[in-house]
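Below you'll find the structure, written out as structure tokens, and then a few comments.
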Amino acid sequence: MDDGQKRALFLHVAGMDVQEIYFTLAADAESTTFEEMVKVLDDYFVPKANVPFDKHLFQQIVQESEETINQFVCRLRERAINCEFGENENDYIHDQVIDKCYSSKLRRKFLEKEGALTLDDLLGIARSQEGTRTFQWRQEVSSV
């Protein structure tokens with residue numbers, strides 16, 4: 001199948017709305033290659049990244065009171081995808097866990113530890129606290 005046939009088939013399957021957009025955007029629609037056509041449509045449809053805004057949204061994430069530390073870190077990781085933190089992603093998540101965890105007692109525990117705590121260290125401390133809190137809650141419920 002040659003480029004002209006690929007373009008025609010693609011635009012036919014994509015529908016009239018996409019065809020209209022493509023022919024509006026492409027200066028010389030008939031002489032472009034299939035790859036050039038896909039690039040024109042990608043440039044139009046693929047959302048542009050706004051890294052500073054994504055970093056701002058990342059910094060606004062706060063742990064909810066009923067959210068586990070794993071759920072909180074998962075939300076942070078999802079938002080960090082668009083932030084371009086690179087190999088420092090765990091450092092940013094580490095700082096956000098300390099700064100935005102729901103429990104002031106837990107934050108104090110994080111900050112009182114001597115030495116550099118890794119994200120895994122923070123998660124271990126938080127999980128043990130969550131386990132204790134869940135155990136205490138179950139004891140209170142069973143005694144009622």
Side-chain angles (χ1 to χ4, degrees), residues 1 3 5-29 32-144:
M1 188 180 305
D3 262 4
Q5 291 173 320
K6 285 182 189 177
R7 271 194 334 269
L9 182 60
F10 181 89
L11 291 172
H12 174 73
V13 172
M16 292 298 294
D17 291 337
V18 173
Q19 290 175 30
E20 187 175 318
I21 291 167
Y22 173 67
F23 288 118
T24 301
L25 295 174
D28 190 12
T32 60
T33 65
F34 178 76
E35 287 77 20
E36 291 169 339
M37 179 196 70
V38 170
K39 181 174 178 357
V40 166
L41 292 172
D42 278 349
D43 289 346
Y44 179 79
F45 284 109
V46 174
K48 306 297 183 254
N50 185 341
V51 175
F53 182 67
D54 287 325
K55 286 181 179 179
H56 168 73
L57 293 177
F58 176 86
Q59 293 169 344
Q60 302 305 308
I61 297 175
V62 178
Q63 185 180 17
E64 313 266 328
S65 62
E66 296 301 317
E67 185 176 44
T68 67
I69 195 70
N70 288 338
Q71 292 167 330
F72 180 45
V73 170
C74 184
R75 282 194 309 126
L76 290 170
R77 286 197 188 285
E78 287 173 353
R79 177 55 65 186
I81 290 170
N82 298 324
C83 294
E84 297 181 1
F85 290 141
E87 294 191 18
N88 297 327
E89 181 176 305
N90 279 349
D91 294 338
Y92 286 97
I93 292 172
H94 168 278
D95 295 345
Q96 195 72 1
V97 166
I98 291 173
D99 192 41
K100 304 292 181 155
C101 68
Y102 70 92
S103 169
S104 59
K105 289 180 185 178
L106 188 56
R107 183 176 304 107
R108 197 172 314 118
K109 274 192 182 262
F110 292 155
L111 296 172
E112 287 174 349
K113 294 287 182 180
E114 290 186 25
L117 293 176
T118 65
L119 178 58
D120 289 337
D121 295 336
L122 295 180
L123 295 177
I125 293 168
R127 287 180 190 132
S128 69
Q129 290 295 308
E130 287 172 355
T132 304
R133 191 179 67 221
T134 301
F135 177 76
Q136 289 171 346
W137 179 80
R138 286 185 181 153
Q139 291 291 338
E140 291 171 7
V141 169
S142 65
S143 66
V144 173

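All residue numbers in this chain count up from 1 along the given sequence. In this text, all values refer to a predicted model and were calculated from it rather than measured experimentally.
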**Item:** Nearest heavy atoms of Ile125 and Ser128, plus distance in Å
**Value:** O-OG, 2.8 Å
**Message:** With heavy-atom distances below 4.5 Å as the criterion, would you say the side chains of Leu123 and Leu119 are in contact?
**Reply:** yes
**Message:** Taking atom CD as the centre, does Gln71 end up with more than 12 heavy-atom neighbours from other residues, nucleotides or ligands that are less than 6.0 angstrom away?
**Reply:** yes
**Expected output: side-chain Asn88 to main-chain Asp91 donor-acceptor under 3.5 Å** = no
**Asked** Quick one: does Gln59's side chain get under 4.5 Å of Lys100's, heavy atoms only?
**Response** no
**Prompt:** Can you tell me if Glu89 uses its side chain to pair, donor with acceptor, with the backbone of Ile93 under 3.5 Å?
**Reply:** no
**Request:** Identify the heavy atoms of Val62 and Arg75 that sit nearest to each other, and give their distance.
**Result:** O-NH2, 2.7 Å
**Prompt:** So Phe10 and Leu41, side-chain contact (heavy atoms from CB on, under 4.5 Å) or not? Walk me through it.
**Reply:** CA-CA 11 Å; Phe10 181 89; Leu41 292 172; 3.5 Å; yes
**Prompt:** Does the distance from a Lys or Arg side-chain N to an Asp or Glu carboxylate O, for Lys39 and Asp43, drop under 4.0 Å?
**Reply:** yes
**Prompt:** For the atom pair CZ (Phe110) and CG (Asp95), what is the distance rounded to the nearest 0.5 Å?
**Reply:** 12.0 Å
**Request:** Ignoring hydrogens and angles, state whether a donor on the side chain of Asn90 or Arg77 is under 3.5 Å from an acceptor on the partner side chain.
**Result:** yes
**4.5 Å side-chain heavy-atom contact, Val97 and Gln63** = no
**Message:** Enumerate the ring-ring contact (aromatic ring centres under 6.0 Å, His included) contacts for residues 75-94, please, sequence neighbours excluded, ordered by first and then second residue.
**Reply:** Phe58-Phe85, Phe85-Tyr92
**Asked** Do the non-hydrogen side-chain atoms of Val73 and Gln96 ever get within less than 4.5 Å of each other?
**Response** no
**Message:** What verdict does the side-chain contact (heavy atoms from CB on, under 4.5 Å) test give for Asn70 and Glu130, after you've listed the backbone C-alpha separation in whole Å, the side-chain angles of each residue and the deciding distance to 0.1 Å?
**Reply:** CA-CA 11 Å; Asn70 288 338; Glu130 287 172 355; 5.8 Å; no
**Asked** Salt bridge check: are Glu84 and Lys55 linked by an N-O gap of less than 4.0 Å?
**Response** no
**Fill in**
Separation between NE2 (His12) and CD (Gln5), nearest 0.5 Å, reads 14.0 Å
**Closest non-hydrogen atom pair between Ile98 and Arg107, with its separation** = O-NE, 3.0 Å
**Prompt:** Are any of the side-chain heavy atoms of Glu78 and Cys74 separated by less than 4.5 Å?
**Reply:** yes
**Message:** A side-chain contact here means heavy atoms from C-beta on lying under 4.5 Å apart; do Ile21 and Thr24 qualify?
**Reply:** no
**Asked** Arg7 versus Tyr22: any side-chain heavy-atom pair under 4.5 Å?
**Response** yes
**Request:** Go through the steps to decide whether Asp3 and Met37 satisfy the test side-chain contact (heavy atoms from CB on, under 4.5 Å), and finish with yes or no.
**Result:** CA-CA 10 Å; Asp3 262 4; Met37 179 196 70; over 6 Å; no
**Complete:** Rounding to 0.5 Å, atoms NZ (Lys109) and OG (Ser104) come to a distance of 12.5 Å
**Any side-chain heavy-atom pair of Asn82 and Leu57 under 4.5 Å** = no
**Prompt:** Is the backbone of Leu106 close enough, under 3.5 Å, to the side chain of Gln129 for a donor and an acceptor to pair up by distance?
**Reply:** no
**Prompt:** If you measure from CZ on Arg127 to CD1 on Ile69, what distance do you get to the nearest 0.5 Å?
**Reply:** 8.5 Å
**Fill in**
Sequence neighbours excluded, the answer for ring-ring contact (aromatic ring centres under 6.0 Å, His included) partners of Phe72 is none
